[in-house]
Novice: 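Have a look at this one.
Bear in mind the structure is a predicted one, so any value in this text is a computation, not a measurement. Only this structure's heavy atoms are used, side chains among them; waters, hydrogens and symmetry mates stay out.
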Amino acid sequence: MTKSLKPNSKENIYSLNGFGKVYRFTFKQTIKNKGFLIAAIMMILMMGLMKPFMYILSRTGENAAASKESSLSTIEAEKLYILNESDFVIDKDRAIAPTTGDADAKTVKSENVTVYNKGESTEESLIGQLSPKDILVIIRLEADDYMMNGIISDNSEVSIRSLDRATEYVGKVFYSEREKQISLDESSLKSLGGGISTEETISSKEFIEEKDFTLTTNEYKGLLMGFSLIIMIVAALSSSYIIASVNEEKQSKLAETLLVSVRPMALLLGKVLGMLTFVMGTILCGVLMSYASDLIMTNVMNLDTSSLGQGGINLAIFTGYGVKGVIIFLAEILIALLAFGLLSGIMGSSCSKAEDQQNATTIVTVITMVGYFGTIYFGTKADFSMIGSLVPPISFFLAPSAYIAGRIGLGVFLGSCAIQIVIVIGLLMLGAKTYRNLLLSDSSSPKLQAVFAAAKY
């Protein structure tokens, strides 16, 4: 049996009478929720300490690389043969560093390193004389780039780690010799002799447009992933709370009491905005903490953080794009969470029993994940930036980052915002028409079908 309470013909379904009471009550209840307080603290710490964490991680990586720098004393082999087929000459006495540290019998000693420059030996002869404890490294020019190939015998006792260290060591030696022979400084040599990366491909159109982009591809990826992650996390948390709260009020019959003095639209909007005030307050605290940590690192500790945020996930996104960036990101987060919050409130009101809550949460979660993963997988594609910025739910995640990075223009960004605002207004109007009937209904219809059915009244 379905209970239905049609609004009085004189009642304004868009009235916000009672909004303030619901808003204050929801905000207080959210603050009292220990789970949300813990999640808020974690979010603030994650945003505020991300840049220090990234800096420590980068320094740790540099120190680890330095501590594992290959030398003869790190190569566990008996002999090391170097076949240099390049036009640069490697002088053994000048280029091969002596063994350092307490070397055991497995470590290559400097006297057991033999260098063959171009024309002095062949690959076949050296491979034929390799013992199980020997390593051969061949230097050759391939496709305008120098390559180091490490070779061991078929029955070798040399570990793969030692083989890698040997090729790395020979590469360092060769690099040093080139630098001396062509009289270039280190930075110039890196620029001249750097290899070609084929990890990514780029079209001619993307190549031409690259010069106009505000951010590099890696910087854009970090920004896109960081902003999308923030929206995804807070949308998931707030949506689950709103659905659970609405369903609880419905099951306890509290909703029937509230509807006597509070208009349906005011009840829905007050609940959503009360929750979003808590969420936006959390994000704002994270922004302030992020700025504070950035100021301390750059002005007090005098640390160089310019290389951070070049790749990976950048959650310190509010510190590098000025006041305009902060306003755009916060405004977009508010619009996105308002849309997902209103949808969550409507879906929560369609639940008839406790187990329906999972189904309602799943629908909102799927929509959120479509926006998130669609942005992550396709957001860096030049042709997708404009399309994705105009198509919800991807536009909530993609548009602000794409605009900041120069991937879309102001007109496209404003068009995206207009579409998002229309969606919010549409959800508000849908809520105004359906919220009362859904709250007072015990229908067992599928959730989306229940929403569309209630909209007919």
Side-chain angles (χ1 to χ4, degrees), residues 61-200:
E62 291 175 5
N63 293 335
S67 66
K68 296 180 180 178
E69 186 175 359
S70 295
S71 64
L72 291 180
S73 61
T74 66
I75 303 170
E76 295 180 348
E78 189 173 279
K79 293 182 180 180
L80 173 62
Y81 298 99
I82 301 175
L83 177 59
N84 175 25
E85 296 185 341
S86 75
D87 292 328
F88 296 98
V89 177
I90 297 180
D91 187 327
K92 173 183 175 180
D93 295 333
R94 188 160 53 89
I96 304 299
T99 304
T100 58
D102 298 326
D104 57 25
K106 295 180 180 180
T107 301
V108 177
K109 296 178 175 60
S110 57
E111 59 266 24
N112 290 333
V113 177
T114 306
V115 178
Y116 298 96
N117 287 300
K118 192 173 184 179
E120 296 179 353
S121 185
T122 63
E123 177 181 319
E124 292 78 10
S125 63
L126 291 177
I127 292 177
Q129 70 183 48
L130 287 178
S131 77
K133 296 182 180 181
D134 297 343
I135 296 176
L136 168 63
V137 177
I138 302 176
I139 306 170
R140 57 164 59 96
L141 182 65
E142 293 182 2
D144 299 325
D145 191 30
Y146 289 101
M147 306 294 294
M148 310 291 161
N149 299 119
I151 302 174
I152 52 179
S153 65
D154 293 337
N155 58 342
S156 178
E157 299 175 9
V158 178
S159 67
I160 297 299
R161 186 191 323 187
S162 287
L163 183 61
D164 290 340
R165 288 176 176 174
T167 55
E168 182 182 342
Y169 173 72
V170 173
K172 182 175 62 175
V173 170
F174 177 69
Y175 186 89
S176 175
E177 287 295 276
R178 278 198 305 165
E179 180 182 1
K180 294 174 183 177
Q181 293 175 40
I182 62 178
S183 301
L184 290 177
D185 58 25
E186 184 176 359
S187 61
S188 300
L189 189 60
K190 286 181 179 179
S191 177
L192 177 66
I196 300 173
S197 172
T198 58
E199 183 178 351
E200 293 183 356

Novice: To the nearest 0.5 Å, what is the distance between CG on L130 and CD1 on I152?
Specialist: 9.0 Å

Novice: CE/M148 to CG/N84 distance, rounded to the nearest 0.5 angstrom?
Specialist: 8.0 Å

Novice: Only counting residues at least two apart or in another chain, list the ones meeting side-chain hydrogen bond (donor to acceptor under 3.5 Å, both in side chains) with D154.
Specialist: none

Novice: Quick check against the 3.5 Å criterion: does S125 have a side-chain atom that pairs as donor or acceptor with the backbone of T122?
Specialist: yes

Novice: Could you tell me the separation between the CD atom of Q129 and the CD atom of E124, rounded to the nearest 0.5 Å?
Specialist: 12.5 Å

Novice: Do the ring planes of Y81 and Y116 sit parallel (below 30°), tilted (30 to 60°) or perpendicular (above 60°)?
Specialist: parallel

Novice: Heavy atoms only: give me the nearest E120-V115 pair and the separation to one decimal.
Specialist: OE1-O, 3.8 Å

Novice: Test side-chain contact (heavy atoms from CB on, under 4.5 Å) on N117 and I90; report intermediate values, then the result.
Specialist: CA-CA 7 Å; N117 287 300; I90 297 180; 3.8 Å; yes

Novice: Determine yes or no for a side-chain-to-main-chain donor-acceptor pair under 3.5 angstrom, with S86 supplying the side chain and R140 the backbone.
Specialist: no

Novice: To the nearest 0.5 Å, what is the distance between OG1 on T167 and CD1 on I138?
Specialist: 12.0 Å

Novice: Decide side-chain contact (heavy atoms from CB on, under 4.5 Å) for L163 and I135; before the verdict, give the C-alpha distance in whole Å, the side-chain angles of both, and the deciding distance to 0.1 Å.
Specialist: CA-CA 7 Å; L163 183 61; I135 296 176; 3.7 Å; yes

Novice: Do you know which two heavy atoms are closest between S156 and P132, and how far apart they sit?
Specialist: OG-O, 3.3 Å

Novice: Answer yes or no: is there a side-chain heavy-atom contact under 4.5 Å between I151 and L126?
Specialist: no

Novice: Quick one: do E123 and L83 satisfy side-chain contact (heavy atoms from CB on, under 4.5 Å)? Show the steps, please.
Specialist: CA-CA 7 Å; E123 177 181 319; L83 177 59; 4.1 Å; yes

Novice: Might you point out which heavy atoms bring L80 and V170 nearest each other, and give the distance in Å?
Specialist: CD2-CG2, 4.3 Å

Novice: Give the minimum heavy-atom separation between S153 and S131, together with the two atoms involved.
Specialist: OG-O, 3.5 Å

Novice: Test V113 against every option in V173, V108, I75 by the side-chain contact (heavy atoms from CB on, under 4.5 Å) rule and name the one that passes.
Specialist: V108

Novice: Measuring from E85:CD to S121:OG, what's the distance to the nearest 0.5 Å?
Specialist: 9.5 Å

